[in-house]
Chemist: 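Let me give you the structure first, and then I'll get to my questions.
If you're wondering where the values come from, they're calculated on a predicted model, not measured in any experiment. In what follows, chains are A, B, ... by sequence order, proteins preceding strands, each numbered from 1.
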Number of protein chains: 2
Amino acid sequence: MSNATRALPLLEAGAGVSGEDVAVAACCAPLAERPLGVEESEAAARMFKALGDPVRLRLFSAVASHEGGEACVCDISDVGVSQPTVSHHLKKLREAGLLTSERRGTWVYYRVEPAVLAAMGRLLALPSAPSVPPAA
Amino acid sequence: MSNATRALPLLEAGAGVSGEDVAVAACCAPLAERPLGVEESEAAARMFKALGDPVRLRLFSAVASHEGGEACVCDISDVGVSQPTVSHHLKKLREAGLLTSERRGTWVYYRVEPAVLAAMGRLLALPSAPSVPPAA
DNA sequence: GCGCTGATTAGACGTATGTCAACATAGACG
DNA sequence: CGTCTATGTTGACATACGTCTAATCAGCGC
């Protein structure tokens, strides 16, 4: 199978994270700080789109809130859709860089990627002191 | 500009349908705190989906970062798509509760909804102690 | 009123997306 | 080896989405 066309995740933290990718830095500027560039918007949109589905959001939340920070597919597959659909959504989340997966014996465990989550949080951060050097 | 002066009540949803959007803003429990419920996931997914498009993300960022916290359509419509498409995306953002619009004379001004932005940020917040529940 | 500019709406069209049933693969266990 | 359980993949389908052009609505100035 060729993953050549797969969307590059925002973060390469999956295995042996070492260098912050360019996309990481590009994606960390709050939306309200300055207008987003084209490439930034495409990278960030991939993340938001990955969470833009109720089922994916529940799967992601289930993994993120699961004890130990990881969850077996069997633990979270009760979201009202068929098992292949669950697998499909988990793959989407993985491709978006939000989750990582690891097979241990019979089961496959998913784990959240905290750095990507934090990057998205920063994007939505409101400027408490926007860009106004107030009274000085 | 300090948007602190504009601390709006909660959410008024200038789009017309008010009930849904309020639920959106009320959806504030971090994704990693506990598994998201069905309704919560649908509400939150609407928000994320609204930002899951590069053009919308750029429009939103343009409004959010614009001087005065608001922007005329004419100021932000240079995103590489036709003007009706811009209007379409702005409508989507409005329906998602992320923007509000107001016509003043010839031009229509868009403004970000800080409460919704903050709600999304809270959703992505990482728990301070992931696998160490303090009080069970 | 008429025309002009700005913005939204309507309709159409191609593509992406979410879903499922069916099949394939991976490991465990007898 | 055979089989059973757990995940992933394939192919098909209906729907949603993003985009455009053309038409319509909303103020402003002549």
Side-chain angles (χ1 to χ4, degrees), chain A residues 1-7 14 38 41-42 44-60 62-63 66 70-96 98-111, chain B residues 14-17 38 41-42 44-60 62-63 66 70-96 98-111:
Chain A
M1 67 191 111
S2 60
N3 288 3
T5 59
R6 104 192 159 110
V38 176
S41 67
E42 288 172 354
R46 271 193 290 272
M47 300 190 295
F48 285 116
K49 186 186 289 185
L51 293 183
D53 179 89
V55 173
R56 278 200 293 271
L57 213 39
R58 288 218 286 155
L59 288 171
F60 183 81
V63 173
H66 201 265
E70 69 177 10
C72 163
V73 177
C74 55
D75 289 327
I76 61 177
S77 49
D78 186 22
V79 288
V81 296
S82 69
Q83 187 274 325
T85 302
V86 169
S87 188
H88 165 72
H89 283 306
L90 287 173
K91 183 181 184 180
K92 283 287 189 76
L93 289 167
R94 217 186 334 147
E95 288 173 348
L98 277 77
L99 291 180
T100 59
S101 65
E102 179 194 359
R103 166 159 236 142
R104 289 204 295 273
T106 304
W107 295 280
V108 175
Y109 292 88
Y110 279 79
R111 177 177 287 274
Chain B
V17 185
V38 176
S41 69
E42 288 172 354
R46 269 193 291 271
M47 300 189 294
F48 285 117
K49 186 186 289 187
L51 293 183
D53 179 89
V55 173
R56 277 199 294 271
L57 213 38
R58 288 217 285 155
L59 288 171
F60 183 81
V63 172
H66 201 266
E70 69 178 10
C72 163
V73 177
C74 55
D75 289 328
I76 60 177
S77 49
D78 186 23
V79 287
V81 296
S82 70
Q83 198 277 328
T85 301
V86 169
S87 188
H88 166 72
H89 283 305
L90 288 173
K91 184 182 184 180
K92 283 288 188 76
L93 288 167
R94 218 187 333 151
E95 288 174 348
L98 277 79
L99 292 180
T100 59
S101 65
E102 180 194 359
R103 166 158 236 143
R104 288 205 296 273
T106 304
W107 294 280
V108 176
Y109 293 88
Y110 278 80
R111 179 176 285 275

Chemist: Between dA7(C) atom C1' and Lys91(B) atom NZ, what is the distance in whole Å?
Modeler: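 From Lys91(B) NZ to dA7(C) C1': 12 Å.
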Chemist: Nearest whole angstrom, please: distance from the C1' of dT19(D) to the CG of Leu59(B).
Modeler: 14 Å
Chemist: Under 4.0 Å between a side-chain N or O of Ser87(A) and OP1 or OP2 of dT7(D)?
Modeler: no
Chemist: Nearest-Å distance, NE2 (His88(B)) to P (dG18(D))?
Modeler: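 So the NE2-P distance, His88(B) to dG18(D), works out to 5 Å.
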Chemist: Please tell me which of Pro84(B) and Lys92(B) maps to the more 5' nucleotide of DNA chain D, matching each residue to the nucleotide holding its nearest heavy atom.
Modeler: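 By nearest-heavy-atom nucleotide position, the 5'-most residue is Lys92(B).
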Chemist: Would you please confirm or rule out a distance under 4.0 Å between OP1 or OP2 of dT7(D) and any side-chain N or O of Trp107(A)?
Modeler: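 Result: yes.
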Chemist: Which part of the nucleic acid, if any, lies within contact of His89(A), taking any heavy atom under 4.0 Å across all strands shown: a base, the sugar-phosphate backbone alone, or nothing?
Modeler: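 It contacts sugar-phosphate atoms only.
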Chemist: What is the distance from CG of Leu90(B) to P of dT9(C), rounded to the nearest Å?
Modeler: 11 Å
Chemist: Counting just side-chain N and O atoms, does Lys49(B) come under 4.0 Å of either OP1 or OP2 of dA16(D)?
Modeler: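 Indeed not, no polar side-chain atom of Lys49(B) lies that close.
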Chemist: Among the nucleotides dT7(D), dT8(C), dG18(C), which one has an atom lying closest to any side-chain atom of Cys72(A)?
Modeler: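 Nearest to the side-chain atoms of Cys72(A), counting from C-beta on, is dT7(D).
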Chemist: Would you say dG6(C) has OP1 or OP2 under 4.0 Å from some side-chain N or O of Thr106(B)?
Modeler: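 Answer is no, no contact under 4.0 Å.
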Chemist: Find the distance Arg104(B):CZ to dG6(C):P and express it as a whole number of Å.
Modeler: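 From Arg104(B) CZ to dG6(C) P: 17 Å.
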Chemist: Tell me which of Arg56(A) and Val108(B) sits closer to the 5' end of DNA chain C, going by the nucleotide each one is nearest to.
Modeler: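 On the 5' side of the pair lies Val108(B).
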Chemist: How long is the straight-line distance from OG of Ser101(A) back to NZ of Lys91(A), given to the nearest 0.5 Å?
Modeler: 11.0 Å
Chemist: Check whether any side-chain nitrogen or oxygen of Tyr109(A) sits under 4.0 Å from OP1 or OP2 of dT7(D), and answer yes or no.
Modeler: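 For dT7(D), neither OP1 nor OP2 has a side-chain N or O of Tyr109(A) closer than 4.0 Å.
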Chemist: Calculate the interatomic distance between Glu95(B) atom CD and dA16(D) atom P; express it in whole Å.
Modeler: 14 Å
Chemist: Please report the distance, rounded to the nearest Å, between CZ in Arg103(B) and P in dT9(C).
Modeler: 11 Å
Chemist: From the options dG18(C), dT19(D), dC20(C), select the nucleotide whose nearest atom is closest to the side chain of Thr85(A).
Modeler: dC20(C)
Chemist: May I ask you to say what Val86(B) touches in the nucleic acid, namely base, sugar-phosphate or nothing, with a heavy-atom cut-off under 4.0 Å?
Modeler: nothing
Chemist: Taking all non-hydrogen atoms of both residues into account, name the closest pair between Arg56(B) and Leu93(B) and its distance.
Modeler: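 Where Arg56(B) meets Leu93(B) most closely, the heavy atoms are O-CD1, 3.7 Å.
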Chemist: Measure from CD on Gln83(B) to P on dC4(C) and round the result to the nearest Å.
Modeler: 19 Å
Chemist: Report yes if a side-chain nitrogen or oxygen of Ser82(A) is closer than 4.0 Å to either non-bridging phosphate oxygen (OP1 or OP2) of dC20(C); otherwise report no.
Modeler: yes
Chemist: Can you name the closest pair of heavy atoms from Ser41(B) and Pro54(A) and give their distance?
Modeler: CB-O, 3.6 Å
Chemist: Taking all atoms of both residues into account, what is the closest heavy-atom pair of Lys49(B) and Gly52(A), and its distance?
Modeler: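 Lys49(B) and Gly52(A) have their closest heavy atoms at CE-O, 3.1 Å.
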Chemist: Quick check for you: among dC20(D), dA7(C), dT8(C), whose closest atom lies nearest to any side-chain atom of Val81(B)?
Modeler: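 For Val81(B), the side-chain atoms sit closest to dC20(D).
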Chemist: Can a cation-pi geometry be assigned to Arg104(B) and Tyr109(B), taking NZ or CZ under 6.0 Å from the six-membered ring centre and within 45° of the ring axis?
Modeler: yes
Chemist: Distance from His89(B) atom NE2 to Asp53(B) atom CG, nearest 0.5 Å?
Modeler: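 So the NE2 of His89(B) and the CG of Asp53(B) are separated by 4.5 Å.
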